[in-house]
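Heads up, the thing below is written out as structure tokens.
Reminder, nothing fancy here: chain letters follow the sequence lines and each chain counts from 1.
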2 protein chains.
Amino acid sequence: MSLPEAVQYLPHIAYDSVIFGFSGEKLKILLMEYHNTGWFALPGGFVKINEPLDEAVSRGLRERTGLESIYLEQFYTFGSLERVRPEAMRKILQAQHKVVPEKHWLFERFISVGYYALIDYTKVEPQPDALSDSIDWYDVDAVPQLLFDHNHIVEKALEHLRTHLDQKLLSVNLLPERFTMKELQQVYEAILGEKQNRANFQRKMLSLGILERHEKLYSGGSHKAPYLYSFIVQN
Amino acid sequence: MSLPEAVQYLPHIAYDSVIFGFSGEKLKILLMEYHNTGWFALPGGFVKINEPLDEAVSRGLRERTGLESIYLEQFYTFGSLERVRPEAMRKILQAQHKVVPEKHWLFERFISVGYYALIDYTKVEPQPDALSDSIDWYDVDAVPQLLFDHNHIVEKALEHLRTHLDQKLLSVNLLPERFTMKELQQVYEAILGEKQNRANFQRKMLSLGILERHEKLYSGGSHKAPYLYSFIVQN
DNA sequence: TCAAAAGTGTTCAATCTACACCCATGG
DNA sequence: CCATGGGTGTAGATTGAACACTTTTGA
């Protein structure tokens, strides 16, 4: 894998993605660690000259997670000057390549479009890219210090996710195709960061009319078997 | 006024602004008409090399409306390929300048960040820029056909404005400093596109705790004088 | 037959909606 | 003293939160 070439990308434009996954208990996000620096950052990328923005983000996610057709939502575009940190970028390149030119397109200012994704944690084997030596899951309530304004970006993503949770059936990709009501509730609780009342949660979800009920799941537990549900995919 | 020079702006990045105003009855937006083409478009602009994105948009608005410190909200970033319409841009330049070079930075692809603003309709004398020969108010429910994807951008802005109306005290800049409850209600009705119940609207607004009541306004009408209100500006 | 988890019912309070009523004002 | 618009009161419906009760399952 080689470094990205300037010529094929739109200059000054990047995207950063906050990739949420659900472990069965906690909400997590994918973070990269750069070679030999101890620095963490969000996975991001650049947009090709003749590539739609949305497609660029999908491509990046595909490369890093191997997943096709995942839920993606754009939430904000970051364009302040505090974002500009050429020295940091220089150190990242230096940590990997002995010779770094005085000028490099990665040292320029970038305006970055923020996206978040919701994916099935269990289906992913995260792939590091050329600049990072590891990529891994971290609890959203224990995110380390990140480069640039990436902590701020994570905050904004979480806020957006929380306030739009009901309207869209966001949880689609955080769970397997079929799931129990308890699992769905755990997803909500992990995202909102607070316990929900079981009985009321069930009623509320069913009243939304977005769930289809299937046969019961005999879990082997010594208790009543729960129904399985799936989301009704509309148009 | 001269054409924008490529060198001072970030390439491939633009913003488009949907500027809402309230006439006392209807919600309106500002649209530009290009010289000798009959084409309409949203007012937009570019970001200088060392300028924060937000500041670039404020600057553009200041130049076009003369207003300082107005409510601005970023709502979406548009990056599809359907946006790219070099022929249209060429015609716009041709309509004004006899000689147009084969290549020009304005013919390149742009990713555009959408913002909307809420301003006091009565305080503005819209200023056309170098490319447009007029800029004027149009009813939101009678927007003409616009260039590029600008009709789509207006749709998105309206949708965002409607769904976030309660949370933020958005109406701040659509009305004069002090206003009656009836005026505020008219703003809401114009934005939401539906009548509100007078009594309940009053209670709801007061319960939000964001309004300060002032002395009564003796309007001269033969009826009870209404109170004046202003928004309480917090932190 | 017991414990645990799932599904459903019930109650009470808070909120929303519609409409009624009274008040201030100028003609 | 009447018409008009503004402010507040109230009954009924709707929604939401808390908690109780019943059912199913394997041990």
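Taking the charged nitrogens against the carboxylate oxygens, A/Glu215 and A/Arg178 do have a contact shorter than 4.0 Å, which makes a salt bridge.
In this structure the side chain of B/Ile19 reaches within 4.5 angstrom of the side chain of B/Leu61, judged on heavy atoms. Proximity of B/Val143 to B/His150: side-chain heavy atoms (C-beta onward) are nowhere separated by under 4.5 Å.
Side chain to side chain, A/Tyr116 and A/His160 meet the donor-acceptor criterion of an N or O pair below 3.5 Å.
Looking at A/Gln74, its side chain never comes within 3.5 Å of a backbone N or O of A/Val113 through a donor-acceptor pair.
A distance of 11.0 Å separates CE in B/Met32 from CZ in B/Phe40, rounded to the nearest 0.5 Å. Atoms CG and CG, from A/Asp141 and A/Leu27 in turn, are 8.5 Å apart once rounded to the nearest 0.5 Å. To the nearest 0.5 Å, atom CD of residue B/Glu55 and atom CG of residue A/Leu81 are 9.5 Å apart.
Less than 4.0 Å separates DNA chain C from at least one heavy atom of each of the following residues of residues 196-206 of chain B: B/Asn197, B/Ala199, B/Asn200, B/Arg203.
Put simply, CZ on A/Arg213 is 10 Å from C1' on C/dT8, counting in whole angstrom units. Between A/Lys195 atom NZ and D/dC19 atom P the separation is 16 Å, expressed in whole Å. Separating the CD atom of B/Gln185 from the C1' atom of C/dT17 is a distance of 14 Å, rounded to the nearest angstrom. One atom, CD of B/Glu215, and another, C1' of C/dA24, lie 17 Å apart when rounded to the nearest Å.
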So which protein nitrogen or oxygen atoms get under 3.5 Å of nucleotides 23-25 of chain D's nitrogens or oxygens?
unit_1	atom_1	unit_2	atom_2	d
D/dT24	O2	A/Lys224	N	2.6
D/dT25	OP1	A/Tyr218	OH	2.9
D/dT25	O4'	A/His223	O	3.2
D/dT25	O2	A/Ser222	O	2.9
D/dT25	O2	A/His223	N	2.9

